[in-house]
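Excluded from the calculations below are hydrogen atoms, water molecules and symmetry mates; all remaining heavy atoms, backbone and side chain alike, are included. Along the sequence shown, residues are numbered consecutively beginning with 1.
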Amino acid sequence: MRLKHDGYKANSRCYCYWGGVIGCSIAYFLRKANRDVVLFERENIGQQASSAAAGLLAPLGPIPGPGSFADLLLASFQQFPALVVELENITGLQLGYEQTGTLRVARNPRRLARLKQRFETWQAFGLPLSWLDGDEARLQEPWLAPNVCSAVYVPEEAQINAAQLVQAFALAASKLGAQLHTQTPVTTLLHEDKKIVGIMTAQGDIVTCNHLVLTMGAWSTHLTSSIGIDLPVRPIQGQMIALPQLQPALQHIIFGESIYVIPRSTEILVGATKADIGFEIQVTDEGADQLHQKARRLIPSLATQSIERSWAGIRPGTPDSHPILGPAAGWENLVLASGHNSVGILLSPLTGSSIADYIVTGQLSTLLQPFQSERFQKLSVHEVQEE
């Protein structure tokens with residue numbers, strides 16, 4: 001929608017976002033840089049993908065090999081220790097950050113070659129890691145199944161309470177002066193030619209801005225399509241379950257059987273399914289049972305633990321499973337930070353700090369340059385749809 005000059009609130013220096021972990025992180029880092037920030041969230045802060053996330057801070061798993069994506073994940077992972085202290089000091093919230101360590105296991109000797117190949121790839125990335133045989137793996141984690149024959153142990157990989165992280169970013173941004181508006185859907189982007197000049201909310205309010213950052217995750221195309229930007233971001237549903245913690249407690253994050261098992265103080269989280277079924281958020285008995293069965297293969301004693309709760313969320317998927325970061329091609333002041341797939345929590349520090357730095361300096365970090373939206377222009381519409 002083009003700008004009409006009547007009725008606009010005088011707020012020309014604000015920046016406008018949408019509020020999951022990525023939007024709240026960007027708002028926080030912009031306020032640290034003393035930029036005016038207004039954040040709009042259609043529901044409550046972190047209510048969608050961020051609140052459903054497992055909180056894994058385990059960068060090696062998503063890395064196929066050396067390259068720009070590995071650099072991005074590892075750089076963001078390294079920011080967490082200092083960031084957690086910073087956010088906890090500002091907000092008083094406890095974020096549940098813990099270097100639990102991970103064990104990526106193989107139960108079938110036929111899968112050893114693949115695990116060994118990944119181990120050799122991961123050795124180049126600088127994180128301490130060890131190759132363990134089955135007995136050594138069970139010394140680290142006695143609950144592992146007797147048929148676990150090998151494992152890769154990464155002691156510094158970690159976890160965090162995802163919901164608390166989102167709230168901490170939001171509260172810290174607010175304490176630094178950001179304006180956060182919840183229950184405020186944005187319905188229209190207002191522009192003059194290729195410059196965004198403001199937004200209109202469902203309540204009919206109009207707010208002008210110098211920069212607009214879209215951080216709507218799987219919902220990004222709801223607004224970008226109205227101004228002719230076709231982002232290949234689609235919803236991918238994931239389900240998780242929680243089981244009672246074992247006694248003595250499971251200590252490490254376990255990866256295997258295409259799932260992960262995460263120990264918390266009183267429960268064990270198991271995730272996650274993956275379904276390309278649109279925006280339907282549902283928990284199914286089939287999905288929960290599938291997760292429980294796979295968890296029992298890794299940790300047989302979980303057969304005695306009944307499912308206490310289950311939930312589902314929507315991940316923002318992209319054709320190459322990489323995020324979309326940086327200025328929108330052909331637009332003066334529209335910035336994209338979307339499509340984080342299953343690594344939004346992990347990438348939130350780097351995304352927030354790098355997008356804020358771009359808005360302040362006009363220079364896009366070399367880490368973010370390979371992840372601009374222009375890369376999808378090389379794909380045909382047919383190829384994007386096939387993905």
Side-chain angles (χ1 to χ4, degrees), residues 17-27 41-42 46 48-54 56 59 61-64 67-73 75-76 162 166 186 189 212-238 272 274-279 281 313-331 334-356 358 364-365 367-381 383-387:
Y17 311 90
W18 282 257
V21 69
I22 299 299
C24 291
S25 174
I26 295 170
E41 167 55 44
R42 66 175 189 159
Q48 290 295 333
S50 300
S51 64
L56 285 171
I63 294 175
S68 56
F69 190 51
D71 295 341
L72 194 75
L73 291 173
S76 195
V166 183
V186 171
L189 302 182
L212 177 68
V213 182
L214 288 178
T215 61
M216 295 176 65
W219 289 264
S220 296
T221 57
H222 290 185
L223 280 179
T224 60
S225 60
S226 70
I227 56 172
I229 298 177
D230 184 18
L231 288 182
V233 181
R234 69 187 192 279
I236 305 294
Q237 183 198 255
K274 183 177 181 181
D276 194 348
I277 57 173
F279 287 95
I281 302 176
I314 296 291
R315 310 179 190 99
T318 58
D320 59 8
S321 298
H322 296 164
I324 300 171
L325 303 168
W331 289 82
L334 178 61
V335 183
L336 305 173
S338 185
H340 285 73
N341 294 270
S342 61
V343 290
I345 297 296
L346 175 58
L347 285 178
S348 60
L350 184 68
T351 300
S353 58
S354 298
I355 293 295
Y358 169 72
L364 189 65
S365 163
L367 283 170
L368 266 59
Q369 287 176 12
F371 302 98
Q372 297 180 77
S373 61
E374 290 93 325
R375 72 184 189 273
F376 294 115
Q377 294 175 0
K378 299 176 183 179
L379 297 175
S380 69
V381 173
E383 289 172 319
V384 171
Q385 289 174 342
E386 284 296 312
E387 288 287 334

Could you walk me through whether Arg315 and Lys274 pass side-chain contact (heavy atoms from CB on, under 4.5 Å), step by step?
-> CA-CA 9 Å; Arg315 310 179 190 99; Lys274 183 177 181 181; 3.9 Å; yes

Looking only at atom types and distance, does a side-chain atom of [X] sit under 3.5 Å from a main-chain N or O of [Y], one as donor and one as acceptor?
X      : Y      : result
Asp230 : Gly228 : no
Ser76  : Leu346 : yes
Ser226 : Leu223 : yes
Asp71  : Leu367 : no

Considering only heavy atoms from C-beta outward, does the side chain of [X] approach that of [Y] to under 4.5 Å?
X      : Y      : value
Thr221 : Arg234 : no
Pro323 : Leu347 : yes
Pro62  : Asn341 : no
Leu212 : Trp331 : no
Ser321 : Phe69  : no
His340 : Val21  : no
Leu334 : Ile227 : yes
Tyr358 : Val335 : yes

Please give me the minimum heavy-atom distance between [X] and [Y], naming the atom from each residue.
X      : Y      : answer
Ser25  : Gly352 : OG-CA, 3.2 Å
Ser373 : Pro327 : OG-O, 4.3 Å
Pro370 : Arg375 : O-CD, 3.7 Å
Gly20  : Val166 : C-CG1, 4.1 Å
Pro59  : Leu73  : O-CD1, 3.8 Å
Ile229 : Ala328 : CD1-CB, 4.1 Å

Might you work through the side-chain contact (heavy atoms from CB on, under 4.5 Å) test for Trp219 and Ile314, ending with a clear yes or no?
-> CA-CA 10 Å; Trp219 289 264; Ile314 296 291; 4.0 Å; yes

Between Leu231 and Leu214, is a side-chain contact (heavy atoms from CB on, under 4.5 Å) present by the stated rule, with each step listed?
-> CA-CA 11 Å; Leu231 288 182; Leu214 288 178; 5.9 Å; no

Could you go step by step and tell me if Ile355 and Thr215 meet the side-chain contact (heavy atoms from CB on, under 4.5 Å) rule?
-> CA-CA 11 Å; Ile355 293 295; Thr215 61; over 6 Å; no

